[in-house]
Amino acid sequence: MSLSKNFGGIVAVDRLSFSVGAGEVLGFLGPNGAGKSTTMKMLTGFLAPSGGTATINGHDIINDSLAARRIIGYLPEGAPSYGEMTVRNFLEFIARARGFKGREARRKAAAAIDRLNLESVPEQTIETLSKGFKRRVGLAQAILHDPQVLILDEPTDGLDPNQKHEVRSLIRDMSSEKIIVISTHMLEEVQALCNRAMIIADGRLLVDDTPAGLIARSRYHNAVTLVVEEPERVASILSEIPQARKVELREGELTVFPAEGARLFEVISDAVKEYGWSVSELRLEAGRLDEVFRQVTQGTVGK
Amino acid sequence: MSTPKSSGMSSVINVMRRELSGYFSTPVAWVFIVIFLVMSGVFTFYIGSFYERGMADLAPFFQFHPWLYLFLVPAIAMRLWAEERRSGTIELLLTLPLTTGQVVLGKFLAAWLFLGLSLMLTFPVWLTVNYLGNPDNGIIVAGYIGSWLMAGGFLAIGSCMSAVTRNQVVAFILSVVVCFGFLLSGLPMVMNVFTQWAPQALLDVIADFSFLAHFAAISKGVIDLRDLVYFVLVTAFWLMANTIVLEIKKAD
Ligand SMILES: Nc1ncnc2c1ncn2[C@@H]1O[C@H](COP(=O)(O)OP(=O)(O)OP(=O)(O)O)[C@@H](O)[C@H]1O
Ligand SMILES: [Mg+2]
């Protein structure tokens with residue numbers, strides 16, 4: 001597939017091209033206005049692409065939109081729903097729109113209420129719910145028909161930590177036989193949930209990798225951080241060792257960056273023993289996603 | 001793991017039911033009904049001189065319906081799509097496995113049934129005329145049917161205009177203007193503009209587009225198939241236009 005979308009003169013999505021297989025949880029990352037939501041709107045048939053098309057399980061999103069929409073569950077940005085309806089009535093409406101009839105529709109709605117812990121509010125009108133509950137109603141609506149493809153625009157935005165955890169495990173439970181695409185600004189969510197991440201900026205795909213691969217791009221990857229007495233003196237000693245490329249001292253923390261392919265941790269822990277430094281903390285850095293994100297996206301913004 | 005396919009009509013009815021229940025969970029419906037009843041009462045009894053005429057029919061009642069609808073129906077119709085856009089539910093609705101046509105028809109039918117209900121609530125007028133005299137109830141039934149059909153025509157225009165712009169006030173003004181055009185197209189005032197230069201065939205078409213002429217015929221009790229078909233066609237035309245407008249600019 002390859003998708004483009006222009007709004008007047010603005011190019012919101014520029015020949016974005018990717019494919020996702022069952023069992024994959026793909027995370028869309030990107031700064032505000034990157035084109036994440038626009039891409040999702042095109043996949044779900046709400047926006048017509050300005051150029052290109054996509055297929056979802058063999059259904060073209062332009063020519064076979066109805067069939068494509070049937071197998072998609074979609075949570076639009078901001079989780080819109082009919083505020084004057086009760087949670088149960090709303091979900092039953094969605095179930096009937098998905099082709100379930102009578103008792104089956106009621107059963108599906110009840111099951112969705114169950115899965116998103118909405119048991120305390122089924123008869124409450126949606127407009128009187130808190131933001132997090134509204135988001136969960138939106139999620140319930142999206143998963144109600146057990147879709148093969150789930151497209152969720154910022155699914156955990158506004159949820160408390162417990163509910164975030166619940167929703168993430170819900171998505172993880174469903175992920176084995178489904179295709180799931182989520183967009184998020186929470187980087188730890190990508191690590192917790194996704195097995196693939198795409199960074200988009202200005203409508204273009206910048207990086208398509210696993211979360212581990214992303215982290216490996218961090219300059220902190222395999223760096224060693226230590227908290228030690230007399231950091232300046234230690235820093236000057238450490239900067240002499242051949243495996244260290246660079247030493248940074250920041251807020252009392254000393255970070256040593258490895259030279260290409262070097263294994264620093266052993267070297268440094270040996271040095272600690274040898275010199276008898278009093279070290280209160282010593283850790284191997286995995287890498288920092290937020291730093292990778294900034295590095296990747298600001299590279300283009302700065303141009 | 002495939003979900004069932006829903007038949008066309010049940011999708012329409014599902015949308016219609018949701019929409020209709022929405023009317024009564026907000027004050028909009030009640031306010032509209034009260035205004036409609038009060039206005040039709042005022043028009044009938046004061047302006048229409050219902051008593052003074054001394055005739056047992058509902059002509060003064062029906063005579064003002066086109067003018068009543070001219071403002072009240074666009075007021076109901078203006079929120080049809082604008083509201084979905086404002087709340088973002090249009091994105092939810094149009095990404096469900098429903099065709100745009102089904103959604104348009106469902107929402108239209110809900111509003112039309114609601115107008116029908118408002119119309120039925122004017123039954124005290126009918127009781128009054130039966131109490132006072134011996135009217136031809138066949139003509140009255142015809143009047144109600146004609147009035148409801150005409151309301152459908154206005155409503156389809158208003159619904160389409162509501163899809164054209166997300167601004168409710170603009171939608172209201174646009175639909176009043178278009179409805180006004182349809183109302184008056186047969187009157188001399190409008191015809192004079194065309195008689196100078198337009199060929200006779202076109203004049204006939206324009207004259208034939210008048211809501212007033214067709215409604216007047218029905219409300220006299222003459223149920224001519226052509227008048228009924230006229231309203232059905234006008235309604236169908238505008239609903240089709242509504243569908244096309246939505247397809248083109250649903251996200252704007
Ligand atoms: N209806 C529209 N008309 C004009 N421009 C639009 C429209 N919708 C989106 N855009 C523009 O398209 C670009 C991409 O927007 P989009 O909503 O896809 O970003 P996003 O990646 O989802 O951002 P966020 O993280 O803030 O949700 C933005 O520059 C936005 O201003
Ligand atoms: Mg977005």
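So you know, we letter chains A, B, ... as the sequences are listed, proteins then strands, and number each from 1. Just the heavy atoms: all of them, side chains too, but no hydrogens, waters or symmetry mates, feed the values below.
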Problem - Centroid separation B/F62 to B/Y144 less than 6.0 Å - result: yes
Practice task
Please confirm whether A/F28 and A/F18 have ring centers closer than 6.0 angstrom.
Solution key: yes
Handout entry: side-chain contact (heavy atoms from CB on, under 4.5 Å) assessment of A/M42 paired with A/T53
Key = CA-CA 9 Å; A/M42 287 193 278; A/T53 186; over 6 Å; no
Exercise for the section: For residues A/K134 and A/I126, determine if any side-chain heavy atom of one lies less than 4.5 Å from a side-chain heavy atom of the other. Expected result: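 Result yes, sub-4.5 Å side-chain heavy-atom pair found.
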Go through the atoms of [X] and report whether side chain, backbone, both or neither lie under 4.5 Å from a heavy atom of chain A.
{"X": "B/I90", "result": "both"}
{"X": "B/E83", "result": "neither"}
{"X": "B/T89", "result": "both"}

Exercise for the section: Flag the pair A/R107 and A/E104 as a salt bridge only when some basic side-chain nitrogen lies within less than 4.0 angstrom of an acidic carboxylate oxygen. Expected result: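 A salt bridge is present here (some side-chain N lies under 4.0 Å from a carboxylate O).
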Handout entry: Check ion pair A/K36-A/D153 (N to O, under 4.0 angstrom)
Key =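 No, A/K36 and A/D153 are not salt-bridged.
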Practice task
Could you list which of residues 72-80 of chain A have a heavy atom closer than 4.5 Å to any heavy atom of chain B, in residue-number order?
Solution key: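 Within residues 72-80 of chain A, near chain B: A/Y74, A/P76, A/P80.
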Practice task
Would you mind checking which part of A/Q141 comes under 4.5 Å of any heavy atom in chain B, side chain (CB onward), backbone (N, CA, C, O), both or neither?
Solution key: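 Side chain only.
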Problem - Partners meeting side chain to side chain donor-acceptor pair (under 3.5 Å) with A/T44 (sequence neighbours left out) - result: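 Testing A/T44 for side chain to side chain donor-acceptor pair (under 3.5 Å), a comparison that skips the adjacent residues, returns none.
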Practice task
For the pair B/F114 and B/F32, name the ring-plane relationship: parallel under 30°, tilted 30 to 60°, perpendicular over 60°.
Solution key: tilted
